[in-house]
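Shown next, in structure tokens, is the structure this report addresses.
Quantities reported herein were computed from a predicted structural model and do not represent experimental measurements.
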Amino acid sequence: MSLIDFKGNEIRDWSEVPSDELWGYMIRYSRDDRHAAEMEFRRVMKHRNVSQFKTEKMLDTYLGTGDSIDL
């Protein structure tokens with residue numbers, strides 16, 4: 001999955017995107033497949049050593065508490 005910034009430019013290096021903005025980019029680009037976007041977000045956050053708790057909080061911020069996908 002490639003990421004697109006809010007100006008429509010492709011983001012080639014994931015490290016350029018702050019963690020707190022990453023999900024917003026992913027969900028914007030993958031509106032038709034939120035599950036794939038969430039899975040990729042979790043993978044990237046794990047790679048960045050962001051705790052599972054913080055990852056869940058970030059997802060809740062963008063999805064709302066009732067929309068998170070059980071894995």
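For the pair Met45/Gln52, no side-chain contact is recorded, criterion being any heavy-atom separation below 4.5 Å from C-beta on.
Residue Leu59 holds its CG atom at 5.0 Å from CZ of Arg42, rounded to the nearest 0.5 Å. Atom NZ of residue Lys54 and atom OG of residue Ser19 lie 6.5 Å apart, to the nearest 0.5 angstrom.
For Arg48, there are no salt bridge (Lys or Arg N to Asp or Glu O under 4.0 Å) partners two or more places apart in sequence or in a different chain. Legend: residues meeting side-chain contact (heavy atoms from CB on, under 4.5 Å) with Lys57, ordered by chain and number and at least two apart, are Phe53.
Looking at every heavy atom in both residues, Val17 comes nearest to Glu21 through CG1-C, 4.1 Å. Across Val44 and Leu22, no two heavy atoms sit closer than the pair CG1-CD2, 3.4 Å.
Electrostatic pairing of Arg34 and Glu38 does not count as a salt bridge here, judged by no charged N lying under 4.0 Å from a carboxylate O.
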